[in-house]
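One-based numbering, in listed order, for ligands and for the atoms of each. We count residues from 1, following the sequence as given. Values below: all heavy atoms of this structure, side chains included; hydrogens, waters and symmetry mates excluded.
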Amino acid sequence: MGALQELLAGLGDGRIEALDLTAPLHGDTPILALPEEFGQTEPFRLHEISRYDERGPAWYWNNITTGEHTGTHFDAPVHWVTGQDGEDVAAVPPSRLVGPAIVLDRSRESAADPDHLLEVDDVRAWEQEHGPLPAGGWLLYRTGWAARGDDPQAFANADDTGPHTPGISVDCARYLAEETELLGLGVETVGTDAGIAHAFDPPFPCHAFLLGAGKYGLTQLRNLDRLPATGAVVLAAPLPIVGGSGSPARVLAFVEREG
Ligand code: MN
């Protein structure tokens, strides 16, 4: 049997499960709020054109408005000043939209401390147990934050000092960007950086180092708790917005199950 026939057979008989890592996209989908001196992204909205009525008797359709970075979405290198000479989202080659994924679980630590930061030693400890990070693959950072995804306030977890959501330390972001062959970093939170990362040096180090290194980001992922630590294959499908800095994306994972 050919490799693609094998894939279809596995999907058909349950040896391979397709999981949706995408959050539903609607008007209450959480979005990033920046300090008010900065430009702001828009929430997702449907604008009805017609719905089987005088505007279109047999058809229903909508216009949509959305930010590029709304809901489950893909960060392209040009999103950050450090990656400004890199790929826009339409330029990402299709071969880099499919790859292996590992899951690094810090949900217990993130529940205990919403400002929890992944450190280089945590990555090294994971590699001791599971093997090297996958070349051309994703590190999916499981924090349990997806459970808050239907409640924008709990998701942002902000107080008068700003948002408090788990992330990655400056040293660890630099390590992942410069010392690994990862394709990118996927997270459950609103962005790849910690809520408090505006105060880091450099600010927003995941954005600065990973996008600067030509790597990618995936955010607001769901169902990471249903993935194995190793062995999943992820398909990330952003829209090819020409010149775009990112795009809402459908993200699927394929996982081998006992047949
Ligand atoms: Mn983004």
Side-chain angles (χ1 to χ4, degrees), residues 21-26 28-35 38-45 64-92 96-97 101 118 138-143 145-146 148-149 152 155-158 162-168 170 172-173 176-177 182-198 200 202-222 224 234-251:
L21 307 188
T22 318
L25 198 50
H26 51 65
D28 293 324
T29 296
I31 56 171
L32 187 66
L34 294 182
F38 298 118
Q40 303 292 337
T41 190
E42 287 188 22
F44 183 85
R45 283 210 183 88
I64 60 173
T65 52
T66 183
E68 293 172 328
H69 298 257
T70 294
T72 302
H73 71 266
F74 188 100
D75 285 351
V78 292
H79 179 41
W80 217 250
V81 63
T82 51
Q84 62 185 289
D85 298 324
E87 293 163 339
D88 67 51
V89 70
V92 177
R96 285 165 65 81
L97 297 176
L118 186 73
W138 295 97
L139 189 165
L140 303 180
Y141 181 41
R142 179 181 162 197
T143 56
W145 220 253
R148 301 167 178 243
F155 196 71
N157 197 37
H164 295 276
T165 60
I168 291 177
V170 172
C172 190
L176 295 176
L182 287 172
L183 189 60
L185 168 68
V187 301
E188 296 181 40
T189 44
V190 76
T192 53
D193 271 297
I196 57 172
H198 57 88
F200 291 179
F204 307 108
C206 288
H207 285 82
F209 291 126
L210 285 150
L211 300 178
K215 293 177 163 58
Y216 310 130
L218 281 176
T219 73
Q220 280 174 261
L221 297 173
R222 293 203 171 179
L224 297 189
V234 162
L235 168 66
L239 298 175
I241 301 168
V242 175
S245 73
S247 165
R250 196 70 182 258
V251 183

Measuring only between side-chain heavy atoms, which start at C-beta, is Gln220 closer than 4.5 Å to Val190?
yes

I'd like to check the side chain to side chain contact (heavy atoms under 4.5 Å, CB included) partners of Ala90; sequence neighbours left out, ordered by chain and number.
Asp88, Pro240, Val242

Would you say Tyr141's side chain and Glu188's backbone share a donor-acceptor pair under 3.5 angstrom?
no

Sequence neighbours left out, what passes ring pair (Phe, Tyr, Trp, His ring centres under 6.0 Å) with His79? Give chain and number order.
His69, His207

Taking only residues two or more places apart in sequence or in another chain, which ones pass ring pair (Phe, Tyr, Trp, His ring centres under 6.0 Å) with Phe44?
none

Over 12 foreign heavy atoms within 6.0 Å of CZ, Arg96:
yes

Total protein N/O/S atoms whose distance from the Mn ion (ligand 1) is less than 2.8 Å
3

